[in-house]
Amino acid sequence: MKILVINAGSSSLKYQLIDMETERAEAKGGCERIGLEGSFLKHKANGKEVLIEEDMPNHQVAVKLVLEALVDKEHGAISSMKEIDAVGHRVVHSGEDFNCSVLITPEVLETIASNTELAPLHQPANITGINACRAIMPDTPMVAVFDTAFHSTMPDYAYMYGVPYEAYKNYKIRRYGFHGSSHLFVSEEAAKYLGKSKSELKIVTCHLGNGSSISAVNGGKCVDTSMGFTPLAGVPMGTRSGDVDPAIVEFLETKTGMNTAEVISYLNKKSGMAGISGVSSDFRDLSAAMEQGNDRARLALDMFAYATKKYVGAYAAAMGGIDCLVFTAGIGENDGYIREKVTDGLGFLGIAIDKAENKIRKGGIHDITANGGKVKVLVIPTNEELVIARDTARLSK
Ligand code: ADP
């Protein structure tokens, strides 16, 4: 069985063709600058990488080009579009309407559209991607896999904010959480690696990338997560502020003359590591700058590690213990300095890493637990596409 996984953004469309026997990507790539000048498709298959520069006025043209690349005699991976058994779409927001992945029908698509106001930047792009695929492959089953779904098991006292109850009832204001497929994937991988049933494990998963979130996974179920109503909440990130006192919004408006939308954009795009350091949102640049003595780069990294550490402690408390700590995504998988800073001083929880092992870069699951450490500390490469492909295969059979 072959599954095409689509992750559509407002001007981009990433894809992977996954063979479910091997669970490996046979082809992958992405279209960029859709609807803009200079659009192109980067496609990889059979050990070859090609750059296809073609005009892509909309997502439907982009999907058509992706399918052409997939069946191309030279750099393709399949001989005909018919070999694609189903398409799995990443959809950012399920609202409270879905707590798991779902086969896409016209009614489902309507419900997804009704949650657009909860993710105004992402949801329209996801819907455009679904419609583009449906137009070109009308008979192929399609499945929606939501970023929020894994977090739907949070108890009410964890997902509610301290605002009047009618704000939740009338406007769906609550914590939703994001990166769900990644937290699910790495927590399951951790259980497999430890040779235990997920039902007996308390795991804290740290997805640390451009956007970062931390989750508490108790018995295989998410019981809390650091992102909130939107992906702006939680730890400070590449360009996002993370949690701030909400009164800062009006204060900034008064002081700077920015309107509310401008302040929110300031918190989303100009803040976090980039805003604090004045150097970059990229952790590689920040580490290099810190090594050269840049104190604001040092400050940004310290703030990130400190905020992450506080979530680890908080979630150990929320679950009444912790058996395993997982690091994943661009920073979690690659940045030994951040892993060391996050775990430093957590010996009282039984968390200790082998500092030499932590400096080594390995592919696959990497156990960095110190000798005698009670809590397993694992570096696990995430694979959100595989989660989407597995759900798509299961629901489209
Ligand atoms: P996204 O949220 O866009 O999927 P990723 O998970 O790919 O992000 O993470 C991207 C971030 O990972 C980069 O901004 C960079 O800061 C960090 N990163 C990637 N490789 C390294 C590395 N070798 N060392 C430190 N940080 C890294």
Side-chain angles (χ1 to χ4, degrees), residues 5-16 25 28-30 32 42 90 92 119 121-122 125-126 145 147-148 177-186 189 205-215 225-227 230-242 268-292 294 296-305 307-308 326-342 358-364 366 368 379-388:
V5 175
I6 298 281
N7 181 356
S10 54
S11 65
S12 68
L13 186 138
K14 292 191 226 150
Y15 61 92
Q16 284 196 10
K28 60 167 91 171
E32 287 178 44
K42 264 192 200 158
R90 178 182 184 194
V92 165
L121 298 180
H122 296 96
N126 299 156
V145 180
D147 264 23
T148 47
F178 300 88
H179 296 138
S181 299
S182 178
H183 291 290
L184 166 70
F185 181 78
V186 296
E189 287 290 292
T205 49
C206 303
H207 176 109
L208 310 179
N210 262 327
S212 295
S213 66
I214 297 109
S215 290
T225 192
S226 62
M227 281 183 169
T230 73
L232 181 54
V235 296
M237 307 171 215
T239 63
R240 287 175 236 169
S241 63
N268 262 306
K269 298 188 177 149
K270 300 257 187 279
S271 299
M273 301 297 103
I276 293 153
S277 68
V279 172
S280 169
S281 62
D282 192 299
F283 278 59
R284 288 161 288 200
D285 301 338
L286 292 171
S287 294
M290 181 180 67
E291 273 163 30
Q292 285 165 8
N294 185 316
R296 275 171 54 189
R298 188 271 315 153
L299 170 64
L301 292 170
D302 276 358
M303 286 172 64
F304 180 81
T308 305
V326 178
F327 288 100
T328 193
I331 299 156
E333 290 168 33
N334 296 301
D335 196 328
Y337 174 78
I338 288 294
R339 291 194 299 260
E340 186 173 330
K341 292 282 280 182
V342 169
N358 180 49
K359 287 199 175 84
I360 302 169
R361 292 184 64 182
K362 277 192 187 160
H366 185 190
I368 57 169
V379 179
I380 304 184
T382 195
N383 194 341
E384 289 156 284
E385 291 78 12
L386 185 54
V387 173
I388 297 173

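For ligands, and for the atoms within them, numbers begin at 1 and follow the listed sequence.
Near D335, meaning under 4.0 Å from any of its heavy atoms, are these atoms of ligand 1: 25 (C).
Summarising the geometry, atom CD belonging to E291 is positioned 14.5 Å from atom CZ belonging to R298; distances are rounded to the nearest 0.5 Å. Separation of atoms CG (L208) and CZ (F283) is listed at 7.5 Å; rounding is to 0.5 Å. Atom-to-atom distance recorded for L232:CG and F178:CZ is 10.5 Å, nearest 0.5 angstrom.
Residue contacts with ligand 1: F283 is placed with a nitrogen or oxygen under 3.5 Å of a nitrogen or oxygen of the ligand (distance criterion only). For ligand 1, the polar-atom distance check finds an N/O of N210 within less than 3.5 Å of one of the ligand's N/O atoms.
If you check which protein heavy atom lies closest to atom 22 (C) of ligand 1, you get N334 CB, 3.3 Å. Protein heavy atom nearest atom 17 (C) of ligand 1, with residue, atom name and distance: I331 CG1, 3.5 Å. The protein heavy-atom contact nearest to atom 27 (C) of ligand 1 is G330 O, 3.7 Å. Of all protein heavy atoms, the one closest to atom 13 (C) of ligand 1 is D282 OD2, 3.8 Å. For atom 24 (N) of ligand 1, the closest non-hydrogen atom of the protein is R284 CG, 3.6 Å.
In terms of modelled atom types and a separation under 3.5 Å, the side chain of N383 and the main chain of F185 share no donor-acceptor contact. Formation of a donor-acceptor pair under 3.5 Å by the E384 side chain with backbone atoms of D147 is not found in this model.
Test T308, N334, N358 against R339 for side-chain hydrogen bond (donor to acceptor under 3.5 Å, both in side chains) and you get one pass: N358.
When distances from atom 4 (O) of ligand 1 to the protein are checked, no heavy atom turns up under 4.0 Å.
Residue contact check for ligand 1: G211 places a non-hydrogen atom closer than 4.0 Å to it.
Counted by atom type alone, S215 and H207 present zero donor-acceptor pairs between their side chains at under 3.5 Å.
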